[in-house]
Amino acid sequence: MVEGRYDKNTLSQIIDATIIETSGFGVFNDREKQQLLRTLAQKRGLIIFTDPDGAGLVIRNFIKGCVDPKLVKNAYIPEIEGKERRKARSSREGKLGVEGMSEEVIMRALRQAGATIDGQNRQQGEKITIADMYAKGLTGAAGSAAKRTAFLKKAGLPHKMTAQALLQVINALMSREEFLSGEY
């Protein structure tokens, strides 16, 4: 779990994992996202990976209050002065965030948090694909949005998820066999 889309983009270039963004403080009022974080934590555990600034600490503490602490690991990056390349100015506190960290720093933070790295303990079996979702009528056809909404409700997931976001989350929550059989 990260704060924003640029953090998610940085991590997705380094690791193959389900990465959920909080939309910054948006998670405070988003009950569905809070429930998604609880669901993912119960099924797979949750790693909180926020920026080392005051806002990151507030978001981290909020998430730790929403999710059973036994299911949470905390990844911390060092406080490094600077600014991200895409920004004209540095942040209010003048520190680099997750998006500004090198692959080495990110991997070290994840290892120190106790993250499973390099396929250890990975879910076995084939992944669910967009073709599987298409075959179930959840994408690419007339009425697929309504079917996707019904699926999300039955699975206890936020109803506003795109097909791509849903694909990532259901691969974290269930096996391909469970998905194809409808046992969710």
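Worth knowing before you read on, the calculation uses all heavy atoms, side chains too, and leaves out hydrogens, waters and symmetry mates.
In the hydrophobic cluster analysis, where Ile, Leu, Val, Met, Phe, Trp and Tyr join through side-chain heavy atoms closer than 4.5 angstrom, F62 is grouped together with M1. Linking ILVMFWY residues whenever their side-chain heavy atoms come closer than 4.5 Å, directly or via other members, places I77 and I80 in the same cluster. Cluster membership check: L180 shares its hydrophobic cluster with L166, using side-chain heavy-atom separations under 4.5 Å among Ile, Leu, Val, Met, Phe, Trp and Tyr. Criterion: ILVMFWY side-chain heavy atoms under 4.5 Å apart, direct or through other members. Under it, V67 and V58 are part of a common hydrophobic cluster. One hydrophobic cluster, built from ILVMFWY side chains closer than 4.5 Å, holds both I15 and I106.
Contacts of Q164 classified as side-chain contact (heavy atoms from CB on, under 4.5 Å), with partners at least two apart in sequence or in another chain: I130, T162, L167. By the side-chain contact (heavy atoms from CB on, under 4.5 Å) test, K127 pairs with D16, N171, sequence neighbours left out. With sequence neighbours excluded, no residue satisfies salt bridge (charged side-chain N to carboxylate O under 4.0 Å, His left out) with E21. A163 meets the side-chain contact (heavy atoms from CB on, under 4.5 Å) test with M133, T139, R148; sequence neighbours excluded. Scanning for salt bridge (charged side-chain N to carboxylate O under 4.0 Å, His left out) contacts around E32 gives an empty result, with sequence neighbours left out. The side-chain contact (heavy atoms from CB on, under 4.5 Å) search around R108 returns E104, V105, Q112, not counting sequence neighbours. Shown here are the salt bridge (charged side-chain N to carboxylate O under 4.0 Å, His left out) partners of E103, two or more places apart in sequence or in another chain: there are none. Under the ring-ring contact (aromatic ring centres under 6.0 Å, His included) criterion, F25 pairs with F28, sequence neighbours left out. Qualifying salt bridge (charged side-chain N to carboxylate O under 4.0 Å, His left out) partners for K8, counting only residues two or more places apart in sequence or in other chains: none.
Across every non-hydrogen atom of G97 and P52, the tightest pair is CA-CD, 4.3 Å. When all heavy atoms of A75 and A109 are compared, the closest pair comes out as CB-O, 3.9 Å.
With contacts defined as side-chain heavy-atom distances shorter than 4.5 Å, the pair D30/L36 does not qualify. Counting only heavy atoms from C-beta outward, the side chains of F151 and I170 approach each other to under 4.5 Å. L46 places a side-chain heavy atom less than 4.5 Å from the side chain of I63. The shortest distance between side-chain heavy atoms of E178 and L173 does not fall below 4.5 Å. Side-chain contact check for Q42 versus D68: every heavy-atom pair is 4.5 Å or farther apart.
Atom NZ of K154 is separated from atom OG1 of T149 by 15.0 Å, given to the nearest 0.5 angstrom.
Contacts classified as ring pair (Phe, Tyr, Trp, His ring centres under 6.0 Å) and involving residues 72-95 (residues at least two apart or in different chains) are not found. Residue pairs that meet the side chain to side chain donor-acceptor pair (under 3.5 Å) test with at least one member in residues 48-63, sequence neighbours left out, are T50-R60, R60-N74. Residue pairs meeting the ring pair (Phe, Tyr, Trp, His ring centres under 6.0 Å) criterion with at least one member in residues 30-51, sequence neighbours excluded, do not occur.
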Margin query: Quick one, M174 with I128, criterion side chain to side chain contact (heavy atoms under 4.5 Å, CB included). Give me CA distance, side-chain angles, the key distance, then yes/no.
Written below: CA-CA 9 Å; M174 63 186 73; I128 302 159; 4.0 Å; yes
Check your understanding: Could you go step by step and tell me if N9 and E99 meet the side chain to side chain contact (heavy atoms under 4.5 Å, CB included) rule?
Key -> CA-CA 8 Å; N9 182 47; E99 74 172 276; over 6 Å; no
Go through L110 and I14 one step at a time and tell me if the side chain to side chain contact (heavy atoms under 4.5 Å, CB included) criterion holds.
CA-CA 11 Å; L110 289 170; I14 298 170; 6.0 Å; no
List the steps, then state whether side chain to side chain contact (heavy atoms under 4.5 Å, CB included) holds for V169 with I20.
-> CA-CA 9 Å; V169 169; I20 304 296; 4.0 Å; yes
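For the residue pair T129/D132, the side-chain donor-acceptor check at 3.5 Å is satisfied.
A distance-only check finds a donor-acceptor pair linking the side chain of Q168 to the backbone of A17 [under 3.5 Å]. In this structure, the side chain of R44 engages the main chain of A172 through a donor-acceptor pair within 3.5 Å. Judged purely by atom type and a 3.5 angstrom limit, K33 has no side-chain atom pairing as donor or acceptor with the backbone of V27. E84 places no side-chain N or O within 3.5 Å of a backbone atom of L96 that could act as its donor or acceptor partner.
Within a 6.0 Å radius of CZ in R85, no more than 12 heavy atoms belonging to other residues, nucleotides or ligands are found. Counted within 6.0 Å of NZ on K83, heavy atoms from surrounding residues, nucleotides or ligands total more than 12; the atom is thus considered enclosed. Few gaps surround NZ on K64; more than 12 heavy atoms of other groups in view lie less than 6.0 Å from it.
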